[in-house]
Amino acid sequence: MEPGAVQTAVRDANLKGRGGAGFDAGQKWSFVPMDEAAIGPKYLVVNGDEMEPGSFKDRLLMEGDPHQLLEGAIIAAYAIQADVVYLFLRWEYRLAARRLERAIAEAYGHGLLGRGILGSGFSLELHLHISGGRYMCGEETGMLNAIEGRRANPRSKPPFPQTAGLWGNPTVVNNVETLCNVPHIINRGADWFRALSWTAEGGTKIYGASGRVASPGAWELPLGTTLRELLEQHAGGMQPGYRFRGLLPGGASTDFLTTDHLDIKMDFASVEAAGSRLGTGTMIVLDDRSCPVGMVLNLERFFARESCGWCTPCWGGLRQAVQLLEGLEAGRGREEDLAQLESLAAMLAPGHTFCALAPGAAEPLGSALRHFREDFERHVREARCPWSER
Amino acid sequence: MLSKDEKGEIEAEAARYETRQAAAIDAMRIVQRRRGWVSDEAIAELAAFLQMPAAQLDSVASFYNQIFRRPVGRHVIQICDSVSCWLTGYEPLRDHLARELGVGLGGTTADGRFTLLPVACLGACDQAPAMLVDEDLHTGLDAGSIGAILDRYR
């Protein structure tokens, strides 16, 4: 297959990026200049910086089948005619690092990496980059800065990485799960892949559930499996003694969904239509014995700590949100604090900040204020957290 | 002074990037693996070796969670404080650990055996609560199981 044919197959498969944003993977590749005149090397970056709280699918893929990921990365690199792959892995994933190191050595040993792969004219180097550790590294342009040995602040777009990425050269950043789909699309074809799902978006998805469900775990299922099936059949419902209150469908930076939403299909378009995001597809379940305000405080503390400080709405807004939520939890909350939190959630919406960190932080905050309003108001009225022991 | 081994390892990393500076994080980790942490003196030496300003390297060091700019104990405990662990009992677990060790988050025990740090989601949410001790992931933790785990680290 020519590189162009690989790109076409993946575009026809309708593979949406599995890192969280759901951008069309084939389309992403198509922005890379392919003419011979392209100056300097081209890069593929594998995003294995799974730091979205509540997400654990990429770790399972890298630990369980590192060869599948390498195969996907090599094919993707071929499709865009990249010269070098950087596999960006978070430091904390030690077992994945050991297994990937071994698999990379095996791939070089078998002539699947290096000069003239399998006697072809295509050469490719692949390096494992172990992160210094920061949520911002997961942001596409922050990751490029991290690989260049800088602080992982986001870069201004345009120019987009596909034309000016690592050291100013064309670069594609693809998520681990996205790339794990690629070998199967090439082996079996775009039609086969599209038919795997229940919806227009192609393929399967690694879904997961954590929190007080009976059987926390991760499952590969057709894209478009309903929330109800995931929760009731695969996660086995709630643990005895706990009742369901709501969930974040795809990691910390997604809007809460409630019992009203259980019949939605878990694909990018359907979850967005329901007012949230599929994100990483690994849901976090809130139970009735955990305080919604306390949960949101935990989330906002994470985002405030991980904010890079580059733009004011993010670092200032998140710090203020944490202070207000701490006040509510400590029994110092006032009625006007809820309006202030709502205004912060609106201020941190997309378009007001440099990257997606703050808008992601605003999603659980704004949606919790809508769905769990009464719980917030009780904190003010009773001047304490109703879940705290007295 | 950077040792011969340290310099050799850093050179090998630097060869994998377009610029020497790109090896900054790898270089600090190479030093940290041997010395436990990255001192002011190490920052100055590494910056000279990587041909970049020390102030710039320090700003990179302070950005990343896993680069330690202060001494740590022989073993580093990193307890996950993110949402799935919070839902399944991170706070009582953290308090139990702090009592057992006699130090709070960020502290090192008087005998230099343990440093206790918080860490963002370890990606073990289906087996929460979780912590790392050095490079080992421990999951499904409760107050009763912690003591036996710590006993393995002398």
Side-chain angles (χ1 to χ4, degrees), chain A residues 41 50-60 84 86 90-95 97 125 127 129-137 146-153 166-167 169 208-212 215-218 248 252 282 284-287 290 294-295 298-299 301-302 305-306 308 364, chain B residues 12-30 32 38 50 52 56-68 78 80-91 118-132 134-137 139-140:
Chain A
E50 187 168 60
M51 265 188 85
E52 178 75 18
S55 303
F56 51 100
K57 64 185 182 67
D58 295 339
R59 179 175 67 80
L60 298 176
V84 181
Y86 289 104
R90 59 180 305 208
W91 178 86
E92 291 86 341
Y93 280 7
R94 302 315 302 154
L95 180 61
E125 299 296 327
H127 304 303
H129 175 97
I130 307 290
S131 174
R134 192 78 184 244
Y135 181 61
M136 272 308 302
C137 296
I147 294 172
E148 292 183 10
R150 306 172 196 277
R151 297 165 74 93
N153 292 346
L166 279 176
W167 299 289
N169 294 315
S210 65
R212 296 288 185 183
S215 306
L248 304 171
T282 41
I284 307 156
V285 176
L286 170 66
D287 60 82
S290 298
M295 179 171 171
N298 176 276
L299 295 166
R301 275 182 174 152
F302 165 83
R305 184 174 71 190
E306 295 295 331
C308 75
Chain B
E13 287 294 339
R16 307 164 92 188
Y17 303 102
E18 285 287 299
T19 63
R20 277 182 87 73
Q21 181 196 331
I25 294 155
D26 308 275
M28 290 190 283
R29 186 174 302 100
I30 285 164
Q32 182 168 298
V38 184
L50 295 170
M52 64 191 285
Q56 194 183 336
L57 183 62
D58 198 11
S59 87
V60 174
S62 63
F63 188 86
Y64 292 98
N65 303 332
Q66 296 297 346
I67 305 292
F68 302 148
Q78 302 197 53
C80 173
D81 67 0
S82 292
V83 64
S84 303
C85 286
W86 182 83
L87 285 163
T88 51
Y90 150 72
E91 282 178 341
V119 72
C121 185
L122 289 171
C125 319
D126 55 337
Q127 304 159 65
M131 67 178 184
L132 273 178
D134 300 334
E135 301 202 356
D136 310 327
L137 179 67
T139 60

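Chain A is the first sequence line, chain B the second, and so forth, proteins listed ahead of strands; every chain is numbered from 1.
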Parallel, tilted or perpendicular: rings of B/Y17 and A/Y86 (30°, 60°): parallel

With a 4.5 angstrom heavy-atom cut-off, is it the side chain or the backbone of [X] that approaches chain A, or both, or neither?
X: B/R16; result: both
X: B/D81; result: both
X: B/A120; result: both
X: B/Q127; result: side chain

Donor-acceptor pair, distance only, cut-off 3.5 Å: does the side chain of [X] make one with the backbone of [Y]?
X: B/Q32; Y: B/F68; answer: yes
X: A/E52; Y: A/A252; answer: yes
X: A/R90; Y: A/E50; answer: yes
X: A/R150; Y: B/Q21; answer: no

Least distance between heavy atoms, B/A124 atom then A/F56 atom: N-CB, 4.3 Å

Interatomic distance, A/R134 atom CZ to B/N65 atom CG [nearest 0.5 angstrom]: 6.0 Å

When heavy-atom pairs shorter than 4.5 Å are enumerated against chain B, which of [options] gives the highest number?
options: A/A97, A/C137, A/P41, A/G294; answer: A/G294
options: A/E125, A/H129, A/K57, A/R212; answer: A/R212
options: A/R94, A/R151, A/M295; answer: A/R151
options: A/I130, A/L299, A/D58; answer: A/I130
options: A/N298, A/L95, A/V285; answer: A/N298

Proximity breakdown for A/R59 and chain B, heavy-atom pairs closer than 4.5 Å: side chain

Under 4.5 Å from any heavy atom of chain B - which part of A/I147: both

